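All values below come from the heavy atoms of this structure, side chains included, with hydrogens, waters and symmetry mates left out. Given the structure is predicted, the values throughout are model-derived calculations rather than measurements. Along the sequence shown, residues are numbered consecutively beginning with 1.
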Amino acid sequence: MDPRRRSTKKPPVQSLHHHHHHHEEEDSRRRASDALPLPLYLTNAIFFTLFFSVVHFLLTRWREKIRTSTPLHVLTFSEILAVLAFLASFVYLLGFFGIEYVQSFLLRPSDDEDDVDGRFAACPQSLDLAAAPPPSMELQLLPQDDEEVVQSVVSGALPSYSLESKLGDCKRAASIRRESLQRITGRSLSGLPLEGFDYDSILGQCCEMPVGYVQIPVGIAGPLLLDGGEYSVPMATTEGCLVASTNRGCKAIHLSGGATSVLLKDGMTRAPVVRLPNIARAAQLKFYLEDPSNFDTVSMVFNRSSRFARLQSARCTMSGRSVYIRFCCSTGDAMGMNMVSKGVQNVLDFLQADFPDMDVVAISGNLCSDKKPAAVNWIQGRGKSVVCEAVIKGDVVRKVLKTSVKSLVELNKDKNLVGSAMAGALGGFNAHASNIVSAVYLATGQDPAQNVESSHCITLMESTNDGQDLHVSVTMPCIEVGTVGGGTQLASQSACLNLLGVKGANKETPGANARRLATIVAGSVLAGELSLMSALAAGQLVKSHMKYNRSSKDVTTHAAAAASS
């Protein structure tokens, strides 16, 4: 017989036993109140009134003494009485509620199995789910201590979010939360792995209320020959053909002598919005911040937030009497959102002295602009701005990419330039930059939501050497990456960063690891663009996806036959 069923069915004796303890507790409280000379509610009312009255009196006297510069330790007779009354009422209230709490704790039923049943008998949801789980749900066999905690969470007596702090064991908390969730929802999580993950590593910084982790396969593309170095690029994805396609692009680049990258800019942004009483005052703030003679002062205040934060610029945009201040600063090897936000808060506190009428509406006013497509990022850049190029030899285009230089140049113009323009694209003048950016971000612990602006890319292709070779480049103005902080410190993601040689902070040149990672992302995008555009030019896209991105064996067999014919 299932022990959970036995523990949730309550015979009448158990119920009477539980009510017996409840009446004992009430009788004890009644005896305590009967010992008082006045009815309980009247006594409490008197001491509550006394407590708040003397507190108000003492605070008023304190304020008068400060105004008249009278020493606080000089007390009048009325003040001495007020202090004594305060102490007496405080001791009574503390003693009364303290005794009541101790009594209720001591008179709780014992923690044996029967009394646990009695405590949770009042929750019908707990009874239904534990006694009769749905056929699709596999209940976990838990130790008795864990079973009690699970029932507490299911009944609502213990909040799920507090399990880590209450238990002091992150793995156990995740296990109990998972089992509680299955019982509450009646849905199984059997396919979501729980074991094999360090839940202590995410506490307070990566993910709250974990119940497991999602497995995403990591493939390797490369070696990518970039700036004289070779990199095996980890890509976490569930899309077939993506890693293989990027790998083919890496091969074409390698056979042609490698790619070259240039980092144009490195600066994370945050743009608070503040409101002034009128447009004249708003303009004064704008002129003050954009005056070069004030930059040193503002940057000194900003840079206090971190030894790596260095303010680069502060540009203001007005909308009526609101001012949006776009701060831009270097952030070392961190992606830098927290760092720049701290610096911005320092500047806002500093400005409050000269602009006391300034109202800070929000520390982020969306002119930053984070995790949203925005022209300001496309034009001014955010994070790392990188350009990467390669010259692909004509014979490599023919033998490896299976197309021609002329076909690629024409396709790039019609698709990535004209087609994107017709679609009204914002930074989307590419074939599939987001594919590579997302895969590398997931593998290396970056913020996947920043794929939105990090995937801004324009891909250009033109013939060179009298039309024999192909010059290809990608321009990506806002690659937002870091090698410290966030998800980069988790074991799997840290291993992927280590594979690229950019794990952690660069001790010799702060920021060098993050900048190198940004160029690797751009180089990988260059490889991905080359391969996909070649597949489109050669008409191979549908065939390759039918072969590698379908689960049906019949379709795969058919596609393989078609590809070989």
Side-chain angles (χ1 to χ4, degrees), residues 140 142-185 187-216 218 234 236 268 305-309 331-342 345 363-364 370-371 440-451 480-499 502-505 513-514 517:
Q140 182 180 354
L142 300 173
Q144 186 60 36
D145 291 345
D146 287 359
E147 181 65 29
E148 292 184 26
V149 180
V150 168
Q151 292 193 32
S152 296
V153 175
V154 171
S155 68
L158 179 64
S160 177
Y161 62 81
S162 67
L163 285 173
E164 279 79 6
S165 60
K166 295 287 186 184
L167 301 177
D169 185 339
C170 295
K171 167 65 167 55
R172 183 184 173 204
S175 176
I176 289 174
R177 180 180 295 110
R178 178 193 182 97
E179 178 63 16
S180 303
L181 181 63
Q182 290 185 124
R183 297 190 189 185
I184 291 171
T185 62
R187 303 285 183 181
S188 173
L189 290 175
S190 59
L192 185 71
L194 176 71
E195 303 295 334
F197 189 83
D198 182 9
Y199 292 94
D200 291 324
S201 65
I202 64 173
L203 181 64
Q205 53 187 345
C206 286
C207 179
E208 298 77 40
M209 296 190 287
V211 294
Y213 59 97
V214 173
Q215 296 168 308
I216 303 178
V218 177
M268 181 51 64
S305 61
S306 169
R307 58 196 177 103
F308 298 108
T331 57
D333 284 300
M335 183 268 288
M337 284 299 301
N338 291 335
M339 194 182 299
V340 68
S341 295
K342 285 188 219 172
Q345 189 61 59
I363 197 168
S364 174
D370 188 42
K371 305 174 184 176
V440 177
Y441 272 27
L442 287 171
T444 58
Q446 309 306 312
D447 189 335
Q450 288 184 324
N451 163 70
E480 299 160 344
V481 292
T483 58
V484 296
T488 64
Q489 48 88 32
L490 299 179
S492 301
Q493 290 83 342
S494 181
C496 291
L497 289 170
N498 188 55
L499 177 67
V502 295
K503 176 182 174 181
N513 283 356
L517 178 58

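Judged as a salt bridge (Lys or Arg N to Asp or Glu O under 4.0 Å), and not counting sequence neighbours, Lys342 has no contacts.
You'll find the side chain of Gln489 stays beyond 4.5 Å of the side chain of Ser494, heavy atoms only. Considering only heavy atoms from C-beta on, Asp146 stays 4.5 Å or farther from Ser175 through its side chain. Within the 4.5 Å cutoff, no side-chain heavy atoms of Asp447 are placed close to those of Met337.
Counting all heavy atoms, side chain and backbone alike, Cys496 lies closest to Val218 at SG-CG1, 4.4 Å. When all heavy atoms of Ile363 and Gln345 are compared, the closest pair comes out as CD1-OE1, 3.6 Å. Of all non-hydrogen atoms in Gln493 and Leu442, the two that sit nearest each other are CG-O, 4.0 Å. Between Ala514 and Gly332 the shortest heavy-atom distance is CB-O, 4.1 Å.
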Give every donor-acceptor pair under 3.5 Å between a side-chain atom in residues 158-171 and any protein atom, sequence neighbours left out.
| residue | atom | partner | partner atom | Å |
| --- | --- | --- | --- | --- |
| Ser160 | OG | Arg177 | NE | 3.0 |
| Ser162 | OG | Pro159 | O | 2.8 |
| Glu164 | OE1 | Arg177 | NH2 | 2.7 |
| Glu164 | OE2 | Arg177 | NH1 | 3.1 |
| Glu164 | OE2 | Arg177 | NH2 | 3.2 |
| Ser165 | OG | Ser162 | O | 3.0 |
| Asp169 | OD1 | Lys171 | N | 3.2 |
| Asp169 | OD1 | Arg172 | N | 3.2 |
| Lys171 | NZ | Glu195 | OE1 | 3.4 |
| Lys171 | NZ | Glu195 | OE2 | 3.0 |

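Sorted pairs that involve residues 199-212 and meet side chain to side chain donor-acceptor pair (under 3.5 Å), not counting sequence neighbours, are lacking altogether.
If you check the side chains of Gln151 and Glu148, you find no donor sitting under 3.5 Å from an acceptor.
A donor-acceptor pair under 3.5 Å is absent between the side-chain atoms of Arg183 and the main chain of Val154, judged by distance alone. Of the possible polar contacts, none joining the Glu480 side chain to the Met335 backbone as a donor-acceptor pair under 3.5 Å is found. Counting only distance, with no hydrogens or angles, the side chain of Gln450 and the backbone of Asp370 share no donor-acceptor pair below 3.5 Å. A donor-acceptor pair under 3.5 Å is formed between the side chain of Asn513 and the backbone N or O of Gly504.
Once rounded to the nearest 0.5 Å, the distance linking OG of Ser492 with CG of Asp198 reads 10.5 Å.
Checked options Asp333, Thr444, Thr483; the residue passing with Val502 is Thr483 (criterion: side chain to side chain contact (heavy atoms under 4.5 Å, CB included)).
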